[in-house]
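Every chain is numbered from 1, with letters handed out A, B, ... down the list of sequences. Any value given below was found using the heavy atoms of this structure, including those in side chains, with hydrogens, waters and symmetry copies removed.
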Amino acid sequence: MPEGPSILLMKEELLPFAGQKIISVSGNARIELQWLQGKKLSEIKSLGKQLFLVCEVIVVRIHLLLFGSYSVNEKTKSDKSLRLCLQFKEGSIYFYTCSVKLHDLAFLDTLPWEADVLSDNWLPAQARKKLKALQNTMVCDALLNQDIFAGVGNIIKNEVLFRIGVHPESIVSELPDKKLTLLIKEARQYSFDFLNWKRDFVLKQHWLVHTRKTCPKCGTTLTKKYTGKTHRRSFFCTTDQQLYDKHN
DNA sequence: TGCCATGTTAAACT
DNA sequence: GAGTTTAACATGGC
């Protein structure tokens, strides 16, 4: 569920509830549920992997983490996993096993909206600037940095690096400018491809390297390795993805 | 059945 | 204090 495109799809599905009044609130999230009671769900926003339910002066931040899920109108999981349920006149929304936090409205102003790769607010120049400031950082870690590429997750990371022919352990500062441009461009482009494939339930079949065994380009065995400071799985082809480090 | 994974945060370390 | 590593959390698929 959890990469940026999936959150965007969730937002789309919840959009019909925007403008409606919250009739009742329940769930085991450790927040003051009663603050939401009777409030209007005035707006739904998203930034990367985070969803924001703006309820007049209070903002509910939902993050699905690794295992979170949601449902609309019908409760599909146990009480134990139900973190938050908002009931409206014409239906309900349910969030399970996710992080739920309350913030005031001003909190939204502190967020890096320009980092959201799927948003109209996306500023590639800003991403480039942040990348240029990185010292000794591997591209695999840079792509997962939510302050630079909000919404990019491990799948997108692996697929983007294969598309642009860059080894995940490459050092950002060693990338030629052309590659850096491509990296920034594909982080957004692949996220949109992910979004469309996910919407059509054909995402997995489009994975070229993620969880795959052989390189679709040259047929050699792909490498699977936990890379970078994030220690996340990387799938890559040592033939088709060039390593840029201080030695070459 | 045990392992592992589309993620993040906080505690525990050097 | 900084930068880092580890632990914790929790569910479903293979």
Could you state the atom-to-atom distance from CG of A:Leu144 to P of B:dT8 in whole Å? 8 Å

What are the two closest non-hydrogen atoms of A:Cys237 and A:Cys215, and how far apart are they? SG-SG, 3.7 Å

I'd like to know if A:Asp116 pairs up with A:Lys45 as an ion pair, taking the criterion as any Lys NZ or Arg NE/NH1/NH2 lying under 4.0 Å from an Asp or Glu carboxylate oxygen. no

How about A:Lys204: does its NZ atom have over 12 heavy atoms from other parts shown lying under 6.0 Å from it? no

Quick check: are there more than 12 heavy atoms from other residues, nucleotides or ligands sitting under 6.0 Å from CD of A:Glu74? no

Ring pair (Phe, Tyr, Trp, His ring centres under 6.0 Å): pairs with one or both residues in residues 25-44 of chain A, sequence neighbours excluded: none

Where do N or O atoms of nucleotides 8-14 of chain C meet protein N or O atoms at under 3.5 Å, pair by pair?
residue : atom : partner : partner atom : Å
C:dG12  : OP1  : A:Lys77 : NZ           : 2.5

Protein N or O to nucleotides 9-12 of chain B N or O, pairs below 3.5 Å:
none

What residue among A:Met10, A:Gln50, A:Lys49 forms side chain to side chain contact (heavy atoms under 4.5 Å, CB included) with A:Leu64? A:Met10

Can you tell me if A:Thr181 and A:Arg128 form a side-chain donor-acceptor pair at under 3.5 Å? yes

Separation of B:dG7 atom C1' from A:Ile7 atom CD1, nearest Å, is 10 Å

A:Leu47 CG to B:dG7 P, in whole Å, measures 16 Å

Rounded to whole Å, the CG-P distance (A:Asn145 to B:dG7) equals 13 Å

Quick one: which of A:Phe162, A:Tyr190, A:Trp197, A:Phe194 gives a ring pair (Phe, Tyr, Trp, His ring centres under 6.0 Å) with A:His206? A:Trp197

Near DNA chain B, which residues from residues 221-233 of chain A have a heavy atom under 4.0 Å away? A:Lys224, A:Tyr226, A:Arg232, A:Arg233

Distance, P atom - from B:dC4 to C:dA7, rounded to whole angstrom: 15 Å

Which whole-number value in Å describes the distance from A:Leu161 CG to B:dT6 P? 14 Å

Please name the pair of heavy atoms, one in A:Leu144 and one in A:Gly153, separated by the smallest distance, quoted to 0.1 Å. CD2-C, 3.5 Å

Return the value, rounded to whole Å, for the distance between atom CG of A:Leu203 and atom C1' of B:dT6. 9 Å

Rounded to whole Å, the CH2-P distance (A:Trp197 to B:dT6) equals 17 Å

DNA chain C: stems of at least 3 consecutive Watson-Crick or G-U pairs whose donor-acceptor distances fall under 3.5 Å: B:2-5 with C:11-14, B:7-14 with C:2-9

How does the hydrophobic cluster around A:Tyr94 look, that is, which other residues are in it when side-chain heavy atoms under 4.5 Å mark a link? A:Leu82, A:Tyr96

Is the shortest distance from a Lys or Arg side-chain nitrogen in A:Lys198 or A:Glu3 to a carboxylate oxygen in the other one below 4.0 Å? no

Test item: side-chain donor near acceptor, A:Thr137 and A:Lys229, under 3.5 Å: no

Parallel under 30°, tilted from 30 to 60°, perpendicular over 60°: which one fits the rings of A:Phe107 and A:His103? parallel

Distance, rounded to the nearest Å, where A:Ile155 contributes CD1 and B:dT6 contributes P: 6 Å

Salt-bridge criterion met for A:Lys130 and A:Glu114 (N-O under 4.0 Å): yes

